[in-house]
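All remarks here apply to the structure that follows.
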Amino acid sequence: MGVNIRDIIPDQARREVDLKALKGYVIALDGYNMLYQFLSAIRQPDGTPLKDSQGRVTSHLSGLFYRTINLVEEGLKPVYVFDGKPPEMKRKEIEERVARKKEAAEKYAKAKESGSIEEARKYAQATSELSSDMVSEAKRLLDYMGIPWVQAPADGEAQAAHLAQKGDAWAAGSQDYDSLLFGAPRLVRNLAITGKRKLPNKDEYVEVKPEIIDLNAMLKALGITREQLILLGILVGTDFDPDGIKGYGPKTALNFVKGVKDVTKALESIKSQLPGDVDPFKIFDYFAKPPVSSDYRILFKEPDVEKIKELLVREHDFSEDRVVKAAERLAKAFKENLRGKQSRLDMWFG
DNA sequence: CGTGCTCT
DNA sequence: AGAGCACGG
């Protein structure tokens with residue numbers, strides 16, 4: 001589920017903003033991460049996702065369609081980045097995910113049997129799995145909407161970080177923090193979930209706003225380099241060494257890496273504390289110089305309302321009224337906010 | 001997650 | 001304008 005460094009992000013390096021503040025910025029969104037959030041969240045009370053008349057899941061398309069339109073209406077310029085082939089060293093994490101989903105599926109069946117709706121929903125969400133067909137249809141929808149997407153050779157967060165480093169995007173957008181380890185100068189969180197949200201099991205509402213994290217401000221405030229940040233990630237655990245090293249949470253790991261002068265020596269010293277098949281040097285290199293592609297172009301086009309209708313209404317039984325209305329909003333927003341508009345690239349944190 | 005309606 | 005709720009596919 002990505003590297004967990006939430007607890008050490010310094011306040012000086014983060015800023016909560018309104019969506020409006022992101023007007024004019026290209027943001028390289030982690031497509032898989034976004035689709036997963038929609039698939040997990042857009043469900044009936046008992047956990048059933050939205051489906052078309054043939055039983056195919058459509059929650060991810062609904063979320064992607066309406067959310068992207070709202071982002072574009074606010075003037076944000078989204079580019080979706082999709083994962084390619086995961087590296088071999090991610091196998092353990094992927095296997096563990098499969099096991100977690102299987103377990104969730106069993107608990108879901110039990111909860112449904114016992115009539116516990118809320119439990120059922122919780123476990124149904126945890127079974128969420130994106131198929132390659134679902135990703136392909138999301139790409140098709142983006143094509144029809146005129147929203148660009150980029151295919152990553154490997155990790156999508158690495159590719160998003162690459163776009164941001166090259167200045168083709170202002171920031172990476174994801175709920176996970178990995179893009180910071182991959183060198184993204186800025187990370188924007190909460191772009192799939194902005195607005196008032198009910199807290200689970202509570203009668204309380206919180207306002208969720210986009211959160212910007214600035215890599216340089218973060219490294220400066222923590223007093224570490226990006227190399228030390230990657231080392232920190234390996235200590236607490238990444239998708240490539242999911243358990244990390246016993247005894248190291250983010251804070252302990254921060255203290256440790258602050259004392260590290262020679263990263264090579266540090267990697268050598270932690271090697272023996274990791275499972276035999278986990279090579280910290282390989283993980284370090286993967287974050288420091290990940291496989292990325294420069295063969296992409298970011299072009300915002302006029303939406304094709306007929307094609308959108310064909311996909312969502314004809315093929316997937318969306319309501320024609322709603323789809324046409326939303327597509328027209330998108331066409332208007334394209335003309336006002338995207339067509340011929342220059343992207344903003346200015347900095348925020350000095 | 002979102003839209004869209006009702007009620008205040 | 002904004003909260004609450006039903007429903008979308």
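These figures come from a predicted structure and were not determined experimentally. Hydrogens, waters and symmetry mates play no part in the numbers below; they use all other heavy atoms, side chains included. Lettering of chains follows the sequences in order, A, B, ..., and the numbering in each one begins at 1.
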Residues clustered with A:Y108, ILVMFWY side-chain links under 4.5 angstrom: A:Y123
Between the protein and nucleotides 3-5 of chain B, list every N/O to N/O distance that falls short of 3.5 Å.
{"from": "B:dT3", "atom 1": "OP1", "to": "A:R329", "atom 2": "NH1", "distance (Å)": "3.3"}
{"from": "B:dG4", "atom 1": "OP1", "to": "A:K325", "atom 2": "NZ", "distance (Å)": "3.4"}

Test of understanding: clusters of I, L, V, M, F, W, Y form through side-chain heavy atoms closer than 4.5 Å, transitively. Do A:L229 and A:L235 belong to the same one? yes
If you look only at pairs with a residue in residues 142-165 of chain A, which of them pass as a salt bridge (charged side-chain N to carboxylate O under 4.0 Å, His left out), with sequence neighbours excluded? A:K90-A:D155
Counting any heavy atom closer than 4.0 Å, what does A:Q44 reach on the DNA or RNA strands: base, sugar-phosphate only, or nothing? base
For the pair made of CG in A:L64 and C1' in C:dG8, what is the distance, rounded to whole Å? 16 Å
Scan side-chain atoms only and decide if A:Q151 and A:K139 contain a donor-acceptor pair under the 3.5 Å cut-off. yes
Count I, L, V, M, F, W, Y as connected when their side-chain heavy atoms are under 4.5 Å apart, and connections chain through other members. Are A:V17 and A:I213 then in the same cluster? no
To the nearest angstrom, how far is A:E74 atom CD from B:dG2 atom P? 12 Å
For A:E106, is there an ion pair with A:K110 - N to carboxylate O distance below 4.0 angstrom? no
note: A:L312, atom CG; C:dG9, atom P; distance rounded to Å ~ 10 Å
Interatomic distance where CG belongs to A:D52 and C1' belongs to C:dG8 [whole Å]: 13 Å
Over how many whole Å does the gap from A:F318 atom CZ to C:dC7 atom C1' extend? 14 Å
At 4.0 Å (heavy atoms only), tell me whether A:I193 reaches a base, stays on the sugar-phosphate, or touches nothing. sugar-phosphate
Can you measure A:R43 atom CZ to C:dA6 atom P for me and round it to whole angstrom units? 21 Å
Evaluation steps, side chain to side chain contact (heavy atoms under 4.5 Å, CB included), between A:V26 and A:D168: CA-CA 7 Å; A:V26 175; A:D168 292 323; over 6 Å; no
Touch class at under 4.0 angstrom, heavy-atom based, for A:A326 against every strand present: nothing
Could you state the CG-P distance from A:D317 to C:dG9, rounded to the nearest angstrom? 8 Å
Spacing of A:I117 atom CD1 relative to C:dA6 atom P, expressed in whole Å: 13 Å
